[in-house]
Peer 1: 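Pasting a structure below so you can have a look.
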Amino acid sequence: MNSPTTMPEWEYAPAPERVDPGIADRHRLFIGGRFVASRGRKTFETINPATEAVLSRCDEANAADVDAAVESARAAFRKWSRTKPQERAKYLYRIARRIQERARELAVLETMDGGKPIRESRDVDIPLVAQHFFHHAGWCDKLRYAFPGATDPRPLGVCAQVIPWNFPLLMLAWKIAPALACGNTVVLKPAETTPLTALRFAEICEECELPAGVVNILTGAGETGRLMVEHPGVDKIAFTGSTEVGKRIAAATAGTGKRLTLELGGKSPNIIFADASIDQAIEGIVQGIWFNQGHVCCAGSRLFVQESVLAEVIEKLKRRLGTLRVGDPLDKNTDVGAINSGPQLATIQRYLKEGTAEGATMHQPSTCPLPEKGFWCQPCFFSDVQPNHVIAREEIFGPVLAVMSFRTPEEAISRANDSRFGLAAGVWTDKGSKIFEIASRLQAGVVWLNTYNQFDATSPFGGVKESGFGREGGLHGLRGYLKF
Ligand code: NAD
Ligand code: MN
């Protein structure tokens with residue numbers, strides 16, 4: 001192995017955009033430290049949603065593959081859980097550095113397979129992936145100090161981890177880094193539309209000589225995920241995805257003794273007070289809902305604006321929205337890329353129709369010509385939205401914002417909390433006292449103050465209500481992978 005010698009550089013960001021990531025036309029499963037063909041014969045294609053070109057064909061793991069992966073993770077757990085914490089840390093540091101070294105390739109591949117702008121995969125996703133491994137490498141030999149009073153925190157065993165398509169490699173990092181740091185082994189399944197970076201991660205595990213079976217990657221769709229979470233050899237399940245599937249997993253897990261963390265959907269409020277810096281808030285709104293095409297579980301998709309500045313905010317929002325560049329995700333000037341899949345685009349379009357039918361007014365000021373092929377949705381927002389409108393209640397998971405107003409702080413809080421979800425919230429005001437009072441009363445796992453969609457490996461992320469339970473990141477995130 002090429003032993004990397006550089007020091008951790010979390011801020012490192014890779015440069016150019018058009019790197020040929022050299023995609024093989026066939027991908028296998030990663031079980032027991034080797035790439036192996038599925039025991040079944042089923043495969044599926046992954047496409048570039050910006051061009052509809054087929055990128056590769058992947059194996060669809062069946063029950064026998066899941067058995068093999070869980071067995072290999074079980075065997076590896078016996079050694080890995082007893083490996084000196086300092087040794088485990090070395091592997092995690094190596095992985096983190098290797099991710100930095102391959103950052104350009106990973107960013108391009110992430111953008112090609114999933115449709116997100118290269119600027120985001122290059123400047124946000126991949127640097128955060130590396131940061132997660134660096135951060136958790138540091139925890140390996142400090143777990144006793146992390147939880148004073150708990151004499152001997154122990155790993156749980158084999159973790160089944162199922163992740164979504166909106167931040168493919170970042171969600172992998174959120175799942176795998178803490179699991180390994182705590183001494184667990186994993187079987188992870190990426191989403192069926194974005195499997196490629198997880199398979200590159202498997203290559204990185206090989207390059208770093210991570211012991212066989214500590215990380216297993218199975219590609220497949222919902223059925224593979226179901227087989228994983230229902231497997232009796234699994235000790236812990238970590239899932240990020242839709243609330244619907246999350247509920248199904250919770251039901252299937254009840255009474256099995258398996259540990260479970262769920263990170264599900266959201267319909268997060270972003271609250272703008274009249275005393276806020278409006279121009280700054282506009283940028284926060286843009287970042288909150290149009291980042292990653294709105295395919296963000298914590299997207300600020302319900303905007304509440306204090307009545308006295310509503311007209312100003314709507315005007316400025318229209319103007320700013322008109323400047324967003326929609327199109328080729330590999331172009332470094334693109335702000336909004338492709339919708340991740342045909343079905344997701346159809347879902348978004350259904351909500352757009354419904355919003356108009358319910359009487360809200362749609363604003364879609366962007367005039368960017370859209371490519372012929374691929375899945376595209378011009379970013380937009382609705383005004384004249386009523387709290388009972390479907391577009392104000394359901395997660396759209398697209399570049400669609402619902403704008404509403406409020407008069408008093410009390411009204412802002414009660415309307416913000418009037419949701420079955422509780423993932424995130426944003427508050428914009430110049431009054432420090434107001435910020436903390438309101439933040440403490442919002443039913444949300446994460447509250448951003450005068451900012452939005454900021455992520456960091458040190459800060460816990462997760463929801464309340466139907467947005468799930470358990471935290472990922474920081475000290476809190478470690479709890480989900482330990483028993484005391
Ligand atoms: P999904 O929940 O079906 O998929 C997420 C992951 O779960 C994928 O890897 C999928 O293969 C797997 N999966 C599907 N069914 C499963 C099952 N029965 N058991 C175990 N794993 C299973 O999400 P989707 O269909 O891709 O998207 C639908 C909606 O979900 C979106 O419109 C959005 O509202 C929401 N969503 C939320 C997030 C999030 O980050 N919270 C991510 C993706 C989608
Ligand atoms: Mn794809």
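Atoms within each ligand, like the ligands themselves, are counted from 1 in listed order. Computed over heavy atoms, backbone and side chain alike; hydrogens, waters and symmetry mates excluded.
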Peer 1: Tell me which pairs pass ring-ring contact (aromatic ring centres under 6.0 Å, His included) where either residue lies in residues 46-74, with sequence neighbours left out.
Peer 2: none

Peer 1: Would you say Lys267 and Ser467 are linked by a side-chain donor-acceptor pair, where the criterion is simply a distance under 3.5 Å?
Peer 2: no

Peer 1: Return yes if a side-chain donor-acceptor contact under 3.5 Å exists between Lys465 and Gln443, otherwise no.
Peer 2: yes

Peer 1: How about CD on Glu354, more than 12 heavy atoms from neighbouring residues, nucleotides or ligands closer than 6.0 Å, or not?
Peer 2: yes

Peer 1: What protein N/O/S atoms are found closer than 2.8 Å to the Mn ion (ligand 2)?
Peer 2: Thr46 OG1, Ile47 O, Asp113 O, Asp113 OD1, Thr193 O

Peer 1: Run the numbers on Phe239 and Ile163 for side chain to side chain contact (heavy atoms under 4.5 Å, CB included), then give the verdict.
Peer 2: CA-CA 6 Å; Phe239 173 79; Ile163 58 172; over 6 Å; no

Peer 1: Taking Arg420 first and then Glu466, would you say they form a salt bridge - that is, a charged N and a carboxylate O separated by under 4.0 Å?
Peer 2: yes

Peer 1: What pairs with Glu472 under salt bridge (Lys or Arg N to Asp or Glu O under 4.0 Å), at least two apart in sequence or on another chain?
Peer 2: Lys175

Peer 1: In terms of side-chain heavy atoms, does His27 have a donor or acceptor partner in Asp59 at a distance below 3.5 Å?
Peer 2: no

Peer 1: Does one side chain, of Asn62 or Glu223, offer a donor that lies under 3.5 Å from an acceptor on the other?
Peer 2: no

Peer 1: When you pair each N or O of ligand 1 with protein N or O atoms, which pairs come out under 3.5 Å?
Peer 2:
| unit_1 | atom_1 | unit_2 | atom_2 | d |
| --- | --- | --- | --- | --- |
| ligand 1 | 2 (O) | Ser242 | N | 2.8 |
| ligand 1 | 2 (O) | Ser242 | OG | 2.6 |
| ligand 1 | 9 (O) | Ile163 | O | 2.8 |
| ligand 1 | 9 (O) | Lys189 | NZ | 3.0 |
| ligand 1 | 11 (O) | Lys189 | NZ | 2.8 |
| ligand 1 | 11 (O) | Glu192 | OE1 | 2.7 |
| ligand 1 | 19 (N) | Arg226 | N | 3.4 |
| ligand 1 | 26 (O) | Trp165 | NE1 | 2.5 |
| ligand 1 | 32 (O) | Gln344 | OE1 | 3.1 |
| ligand 1 | 32 (O) | Gln344 | NE2 | 3.2 |
| ligand 1 | 34 (O) | Glu395 | OE1 | 2.7 |
| ligand 1 | 40 (O) | Asn166 | ND2 | 3.4 |
| ligand 1 | 41 (N) | Gly241 | O | 3.2 |
| ligand 1 | 41 (N) | Leu264 | O | 3.0 |

